[in-house]
Amino acid sequence: QINSASVIVIFGATGDLAKRKLYPSIYNLYEKGHLTDDFAVVGVARRQLSNEEFRNNVKDSIYENSSKAADSKEDSFVKHFFYQPFDVTNDESYQALKSMLENLDQQFSIPGNRIFYLAMAPEFFGTIALNLEAEGLTQTDGWKRLVIEKPFGHNLPSAKKLNEEIRQVFSEDEIYRIDHYLGKEMVQNIEVIRFANALFEPLWNNRYISNIQITSSETVGVETRGGYYEKSGALRDMVQNHILQMVALLAMEPPIKLTTEDIRNEKIKVFRSLRPVIPEEVDQYFVRGQYDAGEVNDKEVQGYREESNVDPESNTETFVAGKVMIDNFRWAGVPFYIRTGKRMATKSTKIVVEFKELPMNLYFEQQEEKGPNLLVINIQPEEGMRLHLNAKKSSPTGGTTPIQLEFNNNSLTSINTPEAYERLLYDCMKGDATNFTHWDEVALSWQFIDPISIAWANNKEEDFPNYAAGSMGPRKSEKLLEKDGFKWWPIT
Ligand code: BG6
(Lines give C-alpha, C1' and ligand atoms only; values in the text may rest on other atoms or scores of the structure.)
Protein backbone atom coordinates (compact mmCIF):
# COMPACT_ATOMS: atom_id res chain seq x y z
CA GLN A 1 0.00 0.00 0.00
CA ILE A 2 1.11 3.52 -0.71
CA ASN A 3 0.14 6.63 1.10
CA SER A 4 -2.57 7.56 -1.31
CA ALA A 5 -3.98 10.20 1.02
CA SER A 6 -4.95 12.67 -1.64
CA VAL A 7 -7.83 14.28 -3.44
CA ILE A 8 -7.84 13.61 -7.17
CA VAL A 9 -9.68 16.27 -9.13
CA ILE A 10 -10.66 15.04 -12.56
CA PHE A 11 -11.42 17.78 -15.09
CA GLY A 12 -13.52 16.25 -17.84
CA ALA A 13 -15.27 13.90 -15.43
CA THR A 14 -18.09 13.08 -17.84
CA GLY A 15 -15.75 12.46 -20.77
CA ASP A 16 -14.77 9.31 -22.54
CA LEU A 17 -11.31 8.93 -21.05
CA ALA A 18 -12.58 9.26 -17.48
CA LYS A 19 -15.26 6.65 -18.10
CA ARG A 20 -13.25 4.14 -20.09
CA LYS A 21 -9.93 4.38 -18.30
CA LEU A 22 -9.72 6.50 -15.17
CA TYR A 23 -12.61 5.27 -13.01
CA PRO A 24 -12.02 1.59 -13.79
CA SER A 25 -8.28 2.02 -13.09
CA ILE A 26 -8.80 3.75 -9.74
CA TYR A 27 -11.30 1.06 -8.90
CA ASN A 28 -8.87 -1.72 -9.76
CA LEU A 29 -6.28 -0.15 -7.46
CA TYR A 30 -8.87 0.05 -4.71
CA GLU A 31 -10.12 -3.47 -5.26
CA LYS A 32 -6.61 -4.88 -5.10
CA GLY A 33 -6.03 -3.08 -1.81
CA HIS A 34 -3.42 -0.68 -3.18
CA LEU A 35 -5.22 2.39 -1.88
CA THR A 36 -5.70 3.32 1.73
CA ASP A 37 -9.14 4.65 2.64
CA ASP A 38 -8.06 8.27 2.84
CA PHE A 39 -8.63 9.35 -0.72
CA ALA A 40 -11.37 11.23 -2.53
CA VAL A 41 -12.10 11.84 -6.17
CA VAL A 42 -13.81 15.01 -7.31
CA GLY A 43 -15.26 14.98 -10.80
CA VAL A 44 -15.71 18.35 -12.45
CA ALA A 45 -17.36 19.08 -15.79
CA ARG A 46 -19.86 21.48 -17.32
CA ARG A 47 -22.89 19.28 -16.87
CA GLN A 48 -25.17 19.59 -13.82
CA LEU A 49 -25.06 16.32 -11.91
CA SER A 50 -25.74 15.41 -8.31
CA ASN A 51 -23.22 13.35 -6.34
CA GLU A 52 -25.67 10.49 -6.58
CA GLU A 53 -25.92 10.64 -10.38
CA PHE A 54 -22.16 10.94 -10.67
CA ARG A 55 -21.62 7.92 -8.43
CA ASN A 56 -24.01 5.90 -10.54
CA ASN A 57 -22.12 6.89 -13.69
CA VAL A 58 -18.86 5.85 -12.05
CA LYS A 59 -20.37 2.51 -11.11
CA ASP A 60 -21.62 1.95 -14.65
CA SER A 61 -18.19 2.68 -16.02
CA ILE A 62 -16.70 0.11 -13.65
CA TYR A 63 -19.23 -2.55 -14.67
CA GLU A 64 -18.51 -1.86 -18.32
CA ASN A 65 -14.75 -1.57 -18.18
CA SER A 66 -13.21 -3.25 -15.19
CA SER A 67 -12.37 -6.91 -15.03
CA LYS A 68 -12.55 -6.60 -11.25
CA ALA A 69 -16.20 -5.51 -11.09
CA ALA A 70 -18.92 -7.53 -9.39
CA ASP A 71 -17.20 -8.13 -6.10
CA SER A 72 -19.49 -5.74 -4.23
CA LYS A 73 -16.79 -3.24 -3.33
CA GLU A 74 -18.33 -0.75 -5.76
CA ASP A 75 -20.61 0.79 -3.14
CA SER A 76 -17.89 1.52 -0.64
CA PHE A 77 -15.70 2.73 -3.51
CA VAL A 78 -18.09 5.33 -4.88
CA LYS A 79 -18.52 6.88 -1.43
CA HIS A 80 -15.16 8.48 -2.18
CA PHE A 81 -16.58 10.24 -5.27
CA PHE A 82 -18.00 13.77 -5.41
CA TYR A 83 -19.20 15.97 -8.23
CA GLN A 84 -18.93 19.69 -8.88
CA PRO A 85 -20.43 21.41 -11.95
CA PHE A 86 -17.67 23.56 -13.35
CA ASP A 87 -16.95 26.35 -15.79
CA VAL A 88 -13.19 26.56 -16.33
CA THR A 89 -13.31 30.29 -17.01
CA ASN A 90 -15.43 31.25 -14.01
CA ASP A 91 -13.77 32.23 -10.67
CA GLU A 92 -16.78 31.08 -8.69
CA SER A 93 -16.33 27.52 -9.92
CA TYR A 94 -12.81 27.51 -8.51
CA GLN A 95 -13.96 28.98 -5.21
CA ALA A 96 -16.64 26.33 -4.85
CA LEU A 97 -14.09 23.64 -5.68
CA LYS A 98 -11.68 25.08 -3.15
CA SER A 99 -14.10 24.81 -0.28
CA MET A 100 -15.09 21.33 -1.38
CA LEU A 101 -11.43 20.25 -1.30
CA GLU A 102 -10.98 21.72 2.17
CA ASN A 103 -14.02 19.83 3.42
CA LEU A 104 -12.83 16.59 1.88
CA ASP A 105 -9.39 17.01 3.45
CA GLN A 106 -11.16 17.08 6.82
CA GLN A 107 -13.62 14.33 6.09
CA PHE A 108 -11.00 11.84 4.82
CA SER A 109 -8.03 13.04 6.94
CA ILE A 110 -6.09 14.12 3.88
CA PRO A 111 -3.10 16.41 4.54
CA GLY A 112 -3.82 18.71 1.57
CA ASN A 113 -2.33 16.45 -1.13
CA ARG A 114 -3.88 17.25 -4.49
CA ILE A 115 -3.77 15.74 -7.95
CA PHE A 116 -5.29 17.84 -10.71
CA TYR A 117 -5.97 15.55 -13.65
CA LEU A 118 -6.77 17.33 -16.92
CA ALA A 119 -8.72 14.79 -18.97
CA MET A 120 -10.25 17.28 -21.35
CA ALA A 121 -9.71 19.54 -24.36
CA PRO A 122 -6.14 20.88 -24.29
CA GLU A 123 -7.09 24.47 -25.16
CA PHE A 124 -8.05 24.96 -21.50
CA PHE A 125 -4.94 23.47 -19.86
CA GLY A 126 -3.23 26.83 -19.43
CA THR A 127 -6.38 28.61 -18.24
CA ILE A 128 -7.07 25.95 -15.64
CA ALA A 129 -3.54 25.93 -14.27
CA LEU A 130 -3.47 29.72 -13.96
CA ASN A 131 -6.91 29.86 -12.34
CA LEU A 132 -6.04 27.10 -9.88
CA GLU A 133 -3.25 29.30 -8.65
CA ALA A 134 -5.12 32.61 -8.81
CA GLU A 135 -7.98 31.19 -6.75
CA GLY A 136 -5.69 29.61 -4.18
CA LEU A 137 -6.29 25.92 -4.90
CA THR A 138 -2.61 25.17 -5.27
CA GLN A 139 -1.71 26.78 -1.96
CA THR A 140 -1.92 23.73 0.18
CA ASP A 141 0.00 22.18 3.06
CA GLY A 142 0.46 18.94 1.17
CA TRP A 143 1.89 18.22 -2.25
CA LYS A 144 0.28 19.20 -5.55
CA ARG A 145 0.61 17.45 -8.89
CA LEU A 146 -0.71 18.15 -12.36
CA VAL A 147 -1.52 15.25 -14.66
CA ILE A 148 -1.89 16.27 -18.24
CA GLU A 149 -3.14 14.27 -21.19
CA LYS A 150 -1.98 14.54 -24.76
CA PRO A 151 -1.93 16.33 -27.08
CA PHE A 152 0.75 18.46 -25.48
CA GLY A 153 0.58 21.21 -28.11
CA HIS A 154 0.46 20.56 -31.84
CA ASN A 155 3.99 21.73 -32.64
CA LEU A 156 7.00 23.06 -30.75
CA PRO A 157 5.84 26.69 -30.41
CA SER A 158 2.39 25.72 -29.09
CA ALA A 159 3.88 23.11 -26.76
CA LYS A 160 6.30 25.75 -25.43
CA LYS A 161 3.49 28.18 -24.82
CA LEU A 162 1.48 25.57 -22.97
CA ASN A 163 4.48 24.54 -20.95
CA GLU A 164 5.24 28.12 -19.97
CA GLU A 165 1.69 28.53 -18.73
CA ILE A 166 1.63 25.43 -16.59
CA ARG A 167 5.16 26.06 -15.35
CA GLN A 168 4.02 29.36 -13.83
CA VAL A 169 2.05 27.26 -11.38
CA PHE A 170 3.65 23.80 -11.23
CA SER A 171 7.35 22.95 -11.19
CA GLU A 172 8.69 20.38 -13.65
CA ASP A 173 8.70 17.66 -11.00
CA GLU A 174 5.05 18.35 -10.19
CA ILE A 175 3.98 17.83 -13.82
CA TYR A 176 3.03 14.34 -14.95
CA ARG A 177 2.66 14.28 -18.74
CA ILE A 178 0.87 11.09 -19.68
CA ASP A 179 2.01 8.89 -22.53
CA HIS A 180 -0.08 5.82 -21.91
CA TYR A 181 2.34 3.62 -23.88
CA LEU A 182 4.80 4.11 -21.02
CA GLY A 183 2.30 2.39 -18.75
CA LYS A 184 2.10 -0.74 -20.89
CA GLU A 185 3.61 -3.86 -19.37
CA MET A 186 5.79 -4.79 -22.33
CA VAL A 187 6.93 -1.22 -23.00
CA GLN A 188 8.20 -1.17 -19.42
CA ASN A 189 9.75 -4.56 -20.09
CA ILE A 190 12.01 -3.20 -22.87
CA GLU A 191 14.34 -1.77 -20.26
CA VAL A 192 14.40 -5.01 -18.26
CA ILE A 193 14.96 -7.23 -21.30
CA ARG A 194 17.88 -5.01 -22.29
CA PHE A 195 19.53 -4.35 -18.95
CA ALA A 196 18.79 -7.47 -16.89
CA ASN A 197 20.23 -9.94 -19.41
CA ALA A 198 23.87 -10.54 -20.20
CA LEU A 199 22.83 -11.86 -23.59
CA PHE A 200 21.46 -8.86 -25.46
CA GLU A 201 23.35 -5.79 -24.30
CA PRO A 202 26.73 -6.77 -25.83
CA LEU A 203 24.96 -7.17 -29.19
CA TRP A 204 22.73 -4.12 -28.85
CA ASN A 205 24.57 -1.81 -31.24
CA ASN A 206 25.48 -1.13 -34.86
CA ARG A 207 28.01 -3.96 -35.02
CA TYR A 208 25.38 -6.66 -34.58
CA ILE A 209 21.98 -5.12 -35.29
CA SER A 210 21.08 -4.33 -38.89
CA ASN A 211 17.80 -2.53 -38.25
CA ILE A 212 14.93 -2.21 -35.78
CA GLN A 213 11.27 -2.13 -36.79
CA ILE A 214 8.43 -0.74 -34.72
CA THR A 215 4.86 -1.26 -35.89
CA SER A 216 1.77 -0.01 -34.14
CA SER A 217 -1.20 -0.83 -36.32
CA GLU A 218 -4.87 -0.35 -35.60
CA THR A 219 -7.97 -1.76 -37.24
CA VAL A 220 -10.22 1.06 -36.05
CA GLY A 221 -10.78 4.08 -38.24
CA VAL A 222 -11.03 7.62 -37.03
CA GLU A 223 -14.39 6.83 -35.37
CA THR A 224 -16.01 9.93 -33.84
CA ARG A 225 -12.76 11.90 -33.61
CA GLY A 226 -12.70 13.37 -37.13
CA GLY A 227 -12.54 16.93 -35.82
CA TYR A 228 -9.46 16.27 -33.71
CA TYR A 229 -7.80 13.91 -36.15
CA GLU A 230 -8.08 16.23 -39.15
CA LYS A 231 -5.75 18.63 -37.35
CA SER A 232 -3.54 15.94 -35.94
CA GLY A 233 -2.99 13.06 -38.35
CA ALA A 234 -1.02 9.94 -37.52
CA LEU A 235 2.29 11.79 -37.22
CA ARG A 236 1.17 13.95 -34.33
CA ASP A 237 -1.29 11.45 -32.89
CA MET A 238 1.09 8.49 -32.60
CA VAL A 239 4.63 9.17 -33.81
CA GLN A 240 5.51 12.32 -31.84
CA ASN A 241 4.66 10.56 -28.60
CA HIS A 242 4.14 6.77 -28.38
CA ILE A 243 6.40 5.68 -31.23
CA LEU A 244 9.32 8.00 -30.42
CA GLN A 245 9.07 6.97 -26.78
CA MET A 246 9.56 3.34 -27.83
CA VAL A 247 12.51 4.38 -30.00
CA ALA A 248 14.06 6.11 -26.98
CA LEU A 249 13.65 3.08 -24.73
CA LEU A 250 15.17 0.79 -27.35
CA ALA A 251 18.08 3.08 -28.09
CA MET A 252 19.04 4.63 -24.75
CA GLU A 253 22.25 3.89 -22.90
CA PRO A 254 22.01 2.00 -19.60
CA PRO A 255 21.04 4.52 -16.91
CA ILE A 256 23.45 4.99 -14.01
CA LYS A 257 20.68 3.92 -11.63
CA LEU A 258 16.99 3.23 -12.02
CA THR A 259 16.01 6.67 -10.86
CA THR A 260 13.55 8.93 -12.65
CA GLU A 261 16.24 11.45 -13.42
CA ASP A 262 18.82 8.96 -14.68
CA ILE A 263 16.38 7.14 -16.94
CA ARG A 264 14.84 10.28 -18.38
CA ASN A 265 18.29 11.77 -18.96
CA GLU A 266 19.28 8.79 -21.08
CA LYS A 267 16.08 9.04 -23.08
CA ILE A 268 16.64 12.75 -23.62
CA LYS A 269 20.07 11.98 -25.07
CA VAL A 270 18.43 9.74 -27.65
CA PHE A 271 16.03 12.51 -28.64
CA ARG A 272 19.02 14.82 -28.98
CA SER A 273 20.71 12.32 -31.30
CA LEU A 274 17.79 11.99 -33.73
CA ARG A 275 18.94 12.98 -37.19
CA PRO A 276 16.81 15.98 -38.17
CA VAL A 277 14.75 15.44 -41.28
CA ILE A 278 14.98 18.62 -43.32
CA PRO A 279 11.91 19.55 -45.41
CA GLU A 280 13.68 18.91 -48.76
CA GLU A 281 14.57 15.38 -47.64
CA VAL A 282 11.30 14.32 -46.05
CA ASP A 283 10.48 11.91 -48.90
CA GLN A 284 13.71 10.02 -48.33
CA TYR A 285 12.82 9.31 -44.72
CA PHE A 286 9.05 9.40 -44.33
CA VAL A 287 5.99 8.29 -46.29
CA ARG A 288 2.34 8.97 -45.57
CA GLY A 289 -0.88 7.16 -46.31
CA GLN A 290 -4.60 7.70 -46.09
CA TYR A 291 -7.09 4.85 -46.00
CA ASP A 292 -9.60 4.21 -48.71
CA ALA A 293 -12.71 2.07 -48.37
CA GLY A 294 -11.99 -1.59 -47.85
CA GLU A 295 -12.61 -4.60 -45.67
CA VAL A 296 -11.43 -4.90 -42.08
CA ASN A 297 -12.16 -8.03 -40.06
CA ASP A 298 -14.63 -9.18 -42.75
CA LYS A 299 -16.57 -5.93 -42.61
CA GLU A 300 -16.88 -3.34 -45.38
CA VAL A 301 -15.75 0.06 -44.14
CA GLN A 302 -15.70 3.50 -45.73
CA GLY A 303 -12.66 5.55 -46.64
CA TYR A 304 -11.23 8.29 -44.42
CA ARG A 305 -12.58 11.08 -46.61
CA GLU A 306 -16.11 9.76 -46.12
CA GLU A 307 -15.89 9.78 -42.31
CA SER A 308 -17.84 12.41 -40.36
CA ASN A 309 -16.15 15.74 -39.68
CA VAL A 310 -13.53 14.96 -42.32
CA ASP A 311 -12.89 17.15 -45.36
CA PRO A 312 -13.84 15.18 -48.53
CA GLU A 313 -10.49 16.31 -49.97
CA SER A 314 -8.54 15.89 -46.78
CA ASN A 315 -4.75 15.90 -46.91
CA THR A 316 -4.49 14.32 -43.44
CA GLU A 317 -2.39 11.18 -43.12
CA THR A 318 -3.86 8.17 -41.35
CA PHE A 319 -0.66 6.16 -41.84
CA VAL A 320 3.00 7.01 -41.43
CA ALA A 321 6.11 4.98 -42.12
CA GLY A 322 9.51 6.41 -41.45
CA LYS A 323 13.18 5.77 -41.16
CA VAL A 324 14.57 7.30 -38.01
CA MET A 325 18.34 7.59 -37.72
CA ILE A 326 20.10 8.03 -34.42
CA ASP A 327 23.43 9.68 -35.02
CA ASN A 328 25.41 8.54 -32.04
CA PHE A 329 28.24 6.09 -31.50
CA ARG A 330 26.06 3.09 -30.71
CA TRP A 331 23.53 3.49 -33.51
CA ALA A 332 25.31 5.19 -36.41
CA GLY A 333 24.08 3.51 -39.59
CA VAL A 334 21.23 1.48 -38.03
CA PRO A 335 17.79 2.49 -39.31
CA PHE A 336 14.87 2.41 -36.89
CA TYR A 337 11.88 1.86 -39.16
CA ILE A 338 8.57 2.88 -37.69
CA ARG A 339 5.01 2.59 -38.98
CA THR A 340 1.60 3.23 -37.59
CA GLY A 341 -1.84 3.65 -39.04
CA LYS A 342 -5.58 3.36 -38.74
CA ARG A 343 -7.69 0.79 -40.59
CA MET A 344 -4.82 -1.60 -41.08
CA ALA A 345 -5.03 -5.37 -41.30
CA THR A 346 -4.60 -6.06 -37.62
CA LYS A 347 -4.40 -4.42 -34.18
CA SER A 348 -0.88 -4.99 -33.04
CA THR A 349 2.15 -3.27 -31.54
CA LYS A 350 5.40 -5.09 -32.11
CA ILE A 351 9.10 -4.44 -32.17
CA VAL A 352 11.41 -6.51 -34.35
CA VAL A 353 15.14 -6.32 -33.77
CA GLU A 354 16.95 -7.78 -36.77
CA PHE A 355 20.50 -8.96 -36.22
CA LYS A 356 23.19 -8.83 -38.87
CA GLU A 357 24.19 -11.79 -40.99
CA LEU A 358 26.89 -14.23 -39.90
CA PRO A 359 30.38 -13.40 -41.12
CA MET A 360 30.52 -16.65 -43.07
CA ASN A 361 27.84 -18.96 -44.35
CA LEU A 362 28.42 -22.67 -43.72
CA TYR A 363 24.91 -24.00 -43.92
CA PHE A 364 22.66 -22.24 -46.31
CA GLU A 365 22.86 -23.13 -49.93
CA GLN A 366 19.90 -21.15 -51.01
CA GLN A 367 19.38 -17.58 -50.06
CA GLU A 368 15.71 -18.26 -49.05
CA GLU A 369 16.70 -20.80 -46.41
CA LYS A 370 18.55 -18.23 -44.46
CA GLY A 371 16.54 -16.82 -41.59
CA PRO A 372 18.20 -13.92 -39.76
CA ASN A 373 18.10 -13.86 -35.98
CA LEU A 374 15.21 -11.72 -34.87
CA LEU A 375 14.14 -10.64 -31.42
CA VAL A 376 10.43 -9.85 -31.52
CA ILE A 377 8.93 -7.95 -28.60
CA ASN A 378 5.15 -8.23 -28.55
CA ILE A 379 3.67 -5.20 -26.86
CA GLN A 380 0.00 -5.92 -27.63
CA PRO A 381 -2.39 -7.68 -27.90
CA GLU A 382 -0.13 -10.60 -26.96
CA GLU A 383 2.52 -9.67 -24.43
CA GLY A 384 5.79 -11.48 -24.67
CA MET A 385 8.83 -12.04 -26.81
CA ARG A 386 10.17 -14.42 -29.40
CA LEU A 387 13.67 -15.18 -30.52
CA HIS A 388 14.14 -16.49 -34.06
CA LEU A 389 17.12 -18.84 -34.39
CA ASN A 390 18.31 -21.53 -36.79
CA ALA A 391 18.79 -25.13 -35.75
CA LYS A 392 19.45 -28.52 -37.28
CA LYS A 393 16.61 -30.11 -39.15
CA SER A 394 15.71 -33.48 -37.62
CA SER A 395 16.11 -35.52 -40.75
CA PRO A 396 18.73 -37.97 -42.01
CA THR A 397 19.60 -35.59 -44.81
CA GLY A 398 20.42 -32.83 -42.34
CA GLY A 399 20.00 -29.19 -43.23
CA THR A 400 18.77 -26.36 -41.11
CA THR A 401 15.42 -25.10 -40.01
CA PRO A 402 14.28 -21.86 -38.39
CA ILE A 403 13.09 -22.27 -34.80
CA GLN A 404 11.54 -19.86 -32.33
CA LEU A 405 11.92 -19.54 -28.58
CA GLU A 406 8.84 -17.93 -27.20
CA PHE A 407 7.80 -16.35 -23.93
CA ASN A 408 4.22 -15.38 -23.36
CA ASN A 409 3.70 -12.97 -20.53
CA ASN A 410 -0.01 -13.61 -20.14
CA SER A 411 0.50 -17.30 -19.59
CA LEU A 412 3.04 -16.62 -16.86
CA THR A 413 0.93 -14.33 -14.74
CA SER A 414 -2.36 -15.98 -15.80
CA ILE A 415 -4.26 -12.93 -14.55
CA ASN A 416 -4.61 -9.80 -16.62
CA THR A 417 -1.64 -7.52 -16.28
CA PRO A 418 -2.69 -4.14 -14.90
CA GLU A 419 -3.97 -1.57 -17.31
CA ALA A 420 -1.57 1.15 -18.40
CA TYR A 421 -3.67 3.80 -16.67
CA GLU A 422 -3.76 1.82 -13.46
CA ARG A 423 0.03 1.82 -13.24
CA LEU A 424 0.36 5.45 -14.21
CA LEU A 425 -2.19 6.67 -11.67
CA TYR A 426 -0.51 4.60 -9.01
CA ASP A 427 2.90 6.03 -9.96
CA CYS A 428 1.52 9.55 -9.80
CA MET A 429 0.08 8.98 -6.32
CA LYS A 430 3.46 7.60 -5.24
CA GLY A 431 5.25 10.57 -6.78
CA ASP A 432 7.18 8.49 -9.32
CA ALA A 433 7.44 10.37 -12.62
CA THR A 434 9.72 7.88 -14.40
CA ASN A 435 7.05 6.73 -16.82
CA PHE A 436 5.84 10.20 -17.65
CA THR A 437 7.48 12.43 -20.20
CA HIS A 438 9.83 15.20 -19.20
CA TRP A 439 9.46 18.55 -20.94
CA ASP A 440 12.79 18.10 -22.75
CA GLU A 441 11.52 14.86 -24.31
CA VAL A 442 8.36 16.59 -25.48
CA ALA A 443 10.26 19.59 -26.86
CA LEU A 444 12.86 17.51 -28.69
CA SER A 445 10.26 15.20 -30.19
CA TRP A 446 8.29 18.16 -31.56
CA GLN A 447 11.50 19.60 -32.92
CA PHE A 448 11.99 16.36 -34.84
CA ILE A 449 8.37 16.12 -36.03
CA ASP A 450 7.70 19.76 -37.01
CA PRO A 451 9.70 19.90 -40.29
CA ILE A 452 7.92 16.75 -41.47
CA SER A 453 4.45 18.04 -40.72
CA ILE A 454 5.28 21.41 -42.25
CA ALA A 455 6.52 19.75 -45.45
CA TRP A 456 3.38 17.61 -45.61
CA ALA A 457 1.04 20.52 -44.98
CA ASN A 458 2.72 22.47 -47.79
CA ASN A 459 2.69 19.61 -50.28
CA LYS A 460 -0.63 18.00 -50.79
CA GLU A 461 -0.34 14.25 -51.35
CA GLU A 462 -1.89 13.77 -54.81
CA ASP A 463 -2.18 9.99 -54.32
CA PHE A 464 -4.55 10.12 -51.35
CA PRO A 465 -6.32 7.84 -50.56
CA ASN A 466 -3.47 5.42 -51.19
CA TYR A 467 -4.14 2.28 -49.16
CA ALA A 468 -7.17 0.09 -48.84
CA ALA A 469 -8.67 -0.31 -45.39
CA GLY A 470 -7.56 -3.70 -44.10
CA SER A 471 -4.11 -3.59 -45.73
CA MET A 472 -0.72 -2.86 -44.21
CA GLY A 473 -0.47 0.64 -45.69
CA PRO A 474 0.62 2.06 -49.05
CA ARG A 475 3.17 0.39 -51.29
CA LYS A 476 5.56 3.27 -50.60
CA SER A 477 6.01 1.93 -47.08
CA GLU A 478 7.49 -1.31 -48.46
CA LYS A 479 9.72 0.65 -50.82
CA LEU A 480 11.15 2.67 -47.96
CA LEU A 481 12.82 -0.50 -46.64
CA GLU A 482 13.46 -2.15 -49.99
CA LYS A 483 15.74 0.65 -51.08
CA ASP A 484 17.94 -0.13 -48.06
CA GLY A 485 17.83 -3.89 -48.77
CA PHE A 486 15.35 -4.69 -45.96
CA LYS A 487 11.70 -5.65 -45.66
CA TRP A 488 9.02 -5.33 -43.02
CA TRP A 489 8.83 -8.55 -41.05
CA PRO A 490 5.29 -9.86 -40.84
CA ILE A 491 3.69 -8.90 -37.56
CA THR A 492 1.09 -11.64 -37.36
C1 BG6 B 1 -3.97 7.39 -28.65
C2 BG6 B 1 -4.34 7.96 -29.98
O3 BG6 B 1 -2.96 8.16 -28.05
O4 BG6 B 1 -3.50 6.06 -28.81
C5 BG6 B 1 -5.39 7.10 -30.65
O6 BG6 B 1 -4.83 9.27 -29.83
C7 BG6 B 1 -4.94 5.67 -30.72
O8 BG6 B 1 -5.67 7.58 -31.96
C9 BG6 B 1 -4.46 5.17 -29.35
O10 BG6 B 1 -6.05 4.89 -31.14
C11 BG6 B 1 -3.84 3.80 -29.45
O12 BG6 B 1 -3.62 3.30 -28.17
P13 BG6 B 1 -3.58 1.74 -27.89
O14 BG6 B 1 -3.26 1.62 -26.44
O15 BG6 B 1 -4.93 1.18 -28.28
O16 BG6 B 1 -2.50 1.18 -28.80
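As the structure lists them, so they are numbered: ligands from 1, and atoms in each ligand from 1. Each residue takes its place number in the sequence, starting with 1. Being a predicted model, the structure only gives us computed values, none of them experimental.
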Show me the donor-acceptor pairs within less than 3.5 Å that the side chains of residues 294-301 make with the rest of the protein, sequence neighbours left out.
none

Closest non-hydrogen contact found for E354 with W489 is OE1-NE1, 2.7 Å
Taking every heavy atom of P255 against every heavy atom of L258, the minimum-distance pair comes out as CG-CD2, 4.2 Å
Next on the checklist: Distance to the ring centre below 6.0 angstrom and angle to the axis at most 45 degrees; does that hold for K144 and F170?
Outcome noted: yes
Contacts satisfying ring pair (Phe, Tyr, Trp, His ring centres under 6.0 Å) that involve residues 446-467 (not counting sequence neighbours) are F319-Y467
Residue pairs meeting side chain to side chain donor-acceptor pair (under 3.5 Å), one or both in residues 285-294, sequence neighbours left out, come to R275-Y285, Q290-R305, Y291-E307
Distance filter under 4.0 Å, heavy atoms only, around ligand 1 gives K150, H180, Y181, K184, E218, R225, D237, M238, H242, K342, K347, Q380
